[in-house]
Amino acid sequence: STQSRSSAASDVYKRQVSVGVALSDVEVANTVLAEVDHATITVDNGDLIVRATDNVTVNSSSEAAAIAAGFSLFSASISLSGGGAQADAIVRGSTEAEIGNSTITLTEGTLSVDADQDVTVNSTSGSLSIAGSLNSLAAGGSVANIEISPSITASLEDSTIYATDISVVSTLTPSGLAKANGLSAGPGAAVGVSETEVILNSTLESQVGGSGTITAQSLNVESRTDRIIDENNVEVRKTGEAVSVGTAGALLGTTSTHADVQNAGSVTSRILDQSDLNVQMTSIFADSSATHLATADSYAGGALAFGVSKAIAESSTTVTVEVGANSTVDGTSLTLTSQRVHSQLADTLAGSGGLGIAGASASSQTSQRGDVTTSLGDRTTVHLSGEYHQSTIANTTLNGTVVSYAGGILAGGGAYTDNSYTSNVISSIGQAADITASRVEIAAGNTFQKPDVGDNILGATGGLISGASATSTTTLDLSLI
């Protein structure tokens, strides 16, 4: 963890300039590898575990303060105050558990290949800027950024395996919380900006097969991103959360806040092309579960007061399960499941008030894109004594809330929400594929929810002359293929 602080003060007569700047920057890029390669292993009545684990916790914080104050009996004093704080936190790197080009025999045992990573990141910035004379400018900015983009891979490739049970699993539990808070004040002009951004762009892969033969009672290939929950299945932290708060008070007060959460990751579980599986029960599973929240609040006060807030929460995560082309699966049952359960919420507030002109604009934007796919490859043969199940599910929750108010002799306010869902759910059987089973079930579902949160938009203005506008839009483009 890193922490930075900066403060500056000026109290000389006539002209006062005070600047405070603080920067905190943390980057973690671990490489964790557990590998078995070109090996021959025989175990009687025992297990073989190949596991790579990485737990990362990052805290980055930055605080800056600047104060300029003065007084002159005979001439006008001028004071300029600027405070800026930025906190950045980045987690990259790779976690890999691999078996390749090997021959492994477990007469009565389990083979496990596990790659697991937990990532928790906090980034916090705060700025204070005060200018004390009538001819003054107080400007402050707070920025907090997070990037979580590791690669997690579990693989069992180009090997001949005999075991009772085989498990190949990659998991990631990410959480990023970015907060920025800024305050600018003075009798002259005050400007405040607060910005936060959380980027999630991880790659998860679990894969089995290639050359060689795999023989087992059960095979579980699984790749998933998990939420942080407690023992009662209650969420403890969001997957990604950005919070921006800005306040400005002066004769002329202007504040702008922006909060942005983006998830562009991928989750994939696959059987490689030209694989040969002799497994009684085979399950191939990929899942992405995530919640995202963006909050932007701005408050401005003065004879001229303007407040602008914008919050964005978007996901384009793809989820894929596939059995590669020209493969053979012999056994009792085969289950292919891909699913994505994502929730995006954007919450904004913009307020301004004063004796003269006041304006406030607040907007929230949420979206979900990215395909969810389950496929059986071309010319793949599946011979089962039991059932074949193929399931593809996308479940998306989007919503935005906006509060905008302005009060003054001349007051104007605007409130806007936009929710957009564009996603394909694809469940396919390849050309010349051959399935023999007691039952074949292929299912696909694409669902959207916009829960009741009360009023999505609250917009109000008050003054001798006032006007307000409000717009809420939800666009759906759902496809089952």
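Numbers here simply count residues along the sequence, with the first being 1.
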Taking [X] for its side chain and [Y] for its backbone only, find out whether a donor-acceptor pair lies under 3.5 Å.
X    : Y    : result
S269 : S223 : yes
S102 : I99  : no
N232 : V234 : no
T295 : V243 : no
S194 : V245 : yes
D273 : A325 : yes
S327 : Q274 : yes
T374 : S391 : yes
S149 : N201 : no
T373 : I426 : no

Quick one about [Y] and [X] (side-chain donor to acceptor, distance below 3.5 Å, no hydrogens or angles considered), yes or no?
X    : Y    : result
S218 : D165 : yes
D418 : T473 : no
Q280 : T332 : yes
D158 : S211 : yes
S427 : Q390 : yes
Q449 : N395 : yes
Q368 : S315 : yes
N145 : D88  : yes
S60  : S24  : yes
S423 : R340 : yes
S289 : D287 : yes
E314 : Q262 : yes

(message) Do the side chains of R92 and E147 get close enough for a salt bridge, i.e. N-O under 4.0 angstrom?
(response)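 Salt bridge: yes.
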
(message) Applying side-chain contact (heavy atoms from CB on, under 4.5 Å) to T239 and R227, what does each step give before you reach the verdict?
(response) CA-CA 6 Å; T239 307; R227 298 177 299 129; 4.0 Å; yes

Would a 4.5 Å heavy-atom cut-off, applied to side chains only, mark [X] and [Y] as touching?
X    : Y    : value
N122 : R237 : yes
P451 : T397 : yes
S288 : H342 : yes
D378 : N326 : no
V208 : L272 : no
S123 : K179 : no
K450 : N419 : yes
Y416 : Q365 : no

(request) Could you check T328, T381, I429, T380 and say which one makes a side chain to side chain contact (heavy atoms under 4.5 Å, CB included) with D434? (result)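 Per the side chain to side chain contact (heavy atoms under 4.5 Å, CB included) rule, the option paired with D434 is T381, out of T328, T381, I429, T380.
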
(request) Give me the one residue out of T171, L200, V319, V267 that meets side chain to side chain contact (heavy atoms under 4.5 Å, CB included) with T225. (result)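 One option only clears the test, and that one is V267.
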
(request) Report the C-alpha distance between R51 and D116 in whole Å, list the side-chain angles of each, state the deciding distance to 0.1 Å, and finish with yes or no for side-chain contact (heavy atoms from CB on, under 4.5 Å). (result) CA-CA 8 Å; R51 176 174 295 154; D116 176 74; over 6 Å; no

(message) I'd like to know whether V279 forms a side-chain contact (heavy atoms from CB on, under 4.5 Å) with I214, so could you lay out the CA-CA distance, the side-chain angles of the two residues, the decisive distance to 0.1 Å, and finally the verdict.
(response) CA-CA 7 Å; V279 180; I214 295 176; 4.3 Å; yes

(message) Please check if the number of heavy atoms outside Y162 that lie under 6.0 Å from its OH is greater than 12.
(response)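 Open.
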
(request) Grab the two heavy atoms, one from A34 and one from V50, that are nearest each other, plus how far apart they are. (result)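 Scanning both residues completely, I find the closest heavy atoms to be O-CG1, 3.6 Å.
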
(request) Would you sort out whether S170 and L172 count as a side-chain contact (heavy atoms from CB on, under 4.5 Å), showing the intermediate values? (result) CA-CA 7 Å; S170 62; L172 171 66; over 6 Å; no

(request) Under the ring pair (Phe, Tyr, Trp, His ring centres under 6.0 Å) rule, collect the residues that match up with H258, sequence neighbours excluded. (result)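 Not a single residue meets the ring pair (Phe, Tyr, Trp, His ring centres under 6.0 Å) criterion with H258.
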
(message) For K238, give me all partners under salt bridge (charged side-chain N to carboxylate O under 4.0 Å, His left out), at least two apart in sequence or on another chain.
(response)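 Salt bridge (charged side-chain N to carboxylate O under 4.0 Å, His left out) check on K238 returns E235.
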
